[in-house]
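Read through the structure below, which is laid out as structure tokens, and then see the notes.
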There are 2 protein chains.
Amino acid sequence: MELTPLTERFVLHFGEMGSRWGINRTVGQMYALLFISPQPLNADEIAETLGFSRSNVSMGMKELMSWRLARLLHRPGDRREYFEAPKDIWEIFRTLAEEKRKREIEPTLSMLRDALLEVPQTDAEHHAQGRMREMHELIEMATVWFDEVQRLSPETLESLMRLGAKVQKVLGFTDKLRGKD
Amino acid sequence: MELTPLTERFVLHFGEMGSRWGINRTVGQMYALLFISPQPLNADEIAETLGFSRSNVSMGMKELMSWRLARLLHRPGDRREYFEAPKDIWEIFRTLAEEKRKREIEPTLSMLRDALLEVPQTDAEHHAQGRMREMHELIEMATVWFDEVQRLSPETLESLMRLGAKVQKVLGFTDKLRGKD
DNA sequence: TTATAGTTTCAATAATTTCTGAAATTACAC
DNA sequence: GTGTAATTTCAGAAATTATTGAAACTATAA
């Protein structure tokens, strides 16, 4: 498969951004390629298009599958494995949020929970525990919120998002909006 | 400054998680230390407590300041620079979200905007552009939403969060809740 | 079975990132 | 100004992470 200028730009960008997003360059490119591909691709096509080794593609796809950003499928009469990226952009959004939460938030939440069970031995520990409690409460609240909101249908979520800050008015909350900084 | 077992655990955890969060181990530890410290610390104290080189602390603090997760202050009669982490947990949350958006989302949004201006030359490009449009729309919507909601006071935001999915009921939206997968 | 296409593993190495110590710079007190 | 404490810079060393190619493994067709 040949990349057109437009698709190449997209793929290269995902490669560059990969490191900021916590995946590596080649995995970022592989995902971008799957995302824009009109049909599932097999590992050789991916390796050939992007110019990576076959083994790198194998490992990269494993990683993408662990993020649930790629799935495996087979075509009748072809024993190679094909990969595709989930189509529904809302599903991708949710999946990504779930995986990030599992990897980047849960471990910390769990560490905080443990730390809060300890009996502080010094003033310093007492203070530190207070800070940890604040952190724990915020993260806990945000994740519970996320859990609940995630169960809404994409349509409702979209309406809610489009409502934005106006939700506050509609609900009759009183609030002073913050200035731009 | 000596770390107690409780604070050491917290600091080491932030070091470990650092790489998943896009900062490195030592910067993660530095932030954790500042976060739980009851008073501002100078660079030597940080270096000594965590066992890093003085120059590493200098670079680390620069990075934390670029994330607005640390700020500089001076004490009368002491010419060293002291650092502290913002106290308000909501402010931290907002700051982090803003910085992540700037670094991890804006560049992609901008690439997508450019790509969507191009006239597709082939079927493949046409399809790819369609996918990019979906991605762009979702990100755009989410960031506009975030902009607006961010202007709410922490109190309102907290009420809203505690409302969770019930917001949908209160607003009279009809929606079927999604099962747990 | 066996042959072989397809996939994965893994040790070696390439590339990148992190961290340090020494030198340079800056800021302040005298 | 000069001297010194504090900070930053930066080149190289150390550590980590990414990538490859060859070998091992697996599944299927003949």
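Each chain gets a letter, A, B and so on, in the order the sequences are listed, and its residues count up from 1.
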Does B:Thr49 reach the main-chain N or O of B:Glu45 with its side chain, forming a donor-acceptor pair under 3.5 Å?
-> yes

What's the CD1-P distance between A:Ile23 and D:dT17, to the nearest Å?
-> 16 Å

Reckon A:Arg25 has a side-chain N or O less than 4.0 Å from the OP1 or OP2 of D:dT17?
-> no

Which of these nucleotides, D:dA27, D:dC10, C:dT7, is closest to any side-chain atom of A:Arg79?
-> D:dA27

Check every atom of D:dA29, D:dA18, C:dT9 against the side chain of A:Ser55 and return the nucleotide holding the closest atom.
-> C:dT9

Measure across A:Met65 and A:Ala70 and return the closest heavy-atom pair with its distance rounded to 0.1 Å.
-> CG-O, 3.4 Å

Selected nucleotide, minimal atom distance to A:Ser58 side chain, candidates C:dT8, D:dT7, C:dT18 | C:dT8

A:Tyr82 OH to C:dA5 C1', straight-line distance once rounded to whole Å | 13 Å

Give the nucleotide from the list C:dT8, D:dT7, D:dT9 with an atom nearest to the side chain of A:Glu81.
-> C:dT8

OP1 or OP2 of C:dT7 less than 4.0 angstrom from a side-chain nitrogen or oxygen of A:Lys62, does that happen here?
-> no

Is any side-chain N or O of A:Thr26 closer than 4.0 Å to OP1 or OP2 of D:dT19?
-> yes

What's the CE-C1' distance between A:Met65 and C:dT8, to the nearest Å?
-> 12 Å

Which atom of A:Val119 lies closest to which atom of A:Glu125, heavy atoms considered = O-OE1, 4.2 Å

In whole Å, what is the span from the CZ atom of A:Arg75 to the P atom of C:dG6?
-> 14 Å

When rounded to whole Å, the CE to P distance for the pair B:Met61 and D:dA6 reads 17 Å

Smallest separation among heavy atoms of A:Thr156 and B:Gln168, with atom names | CG2-CG, 3.8 Å

Atom pair distance, as rounded to whole Å: CG in B:Asp44 and P in D:dT4 | 19 Å

Quantify the bending of the helix from C:dT1-D:dA30 to C:dC30-D:dG1 as the angle between its end axes, each fitted on five pairs, to 10°.
-> 20°

Choosing from D:dT19, C:dT8, C:dC19, which nucleotide comes nearest the side chain of A:Asn24?
-> D:dT19

Mind calculating the distance between CZ (A:Arg80) and C1' (D:dA27) to the nearest angstrom?
-> 15 Å

Flag this pair as yes if the NZ/CZ of A:Arg103 is under 6.0 angstrom from the six-membered ring centre of B:Trp21 and inside a 45 degree cone about the axis; otherwise no.
-> no

Under 4.0 Å: is that the gap between some side-chain N or O of A:Arg54 and OP1 or OP2 of C:dT7?
-> yes

Please say whether the positively charged group of B:Arg71, taken as NZ for Lys or CZ for Arg, lies over the ring of B:Phe83, i.e. under 6.0 angstrom from the six-membered ring centre and within 45 degrees of the axis.
-> no

Tell me which of B:Asn42 and A:Phe52 sits closer to the 5' end of DNA chain D, going by the nucleotide each one is nearest to.
-> B:Asn42

For residues A:Gly28 and A:Phe14, report the shortest heavy-atom separation together with the two atoms involved.
-> O-CB, 3.5 Å

Over how many whole Å does the gap from B:Ile46 atom CD1 to D:dT8 atom P extend?
-> 11 Å

Answer yes or no on whether B:Arg75 is positioned over the face of B:Tyr82, meaning its NZ or CZ is under 6.0 Å from the six-membered ring centre and within 45° of the axis.
-> yes

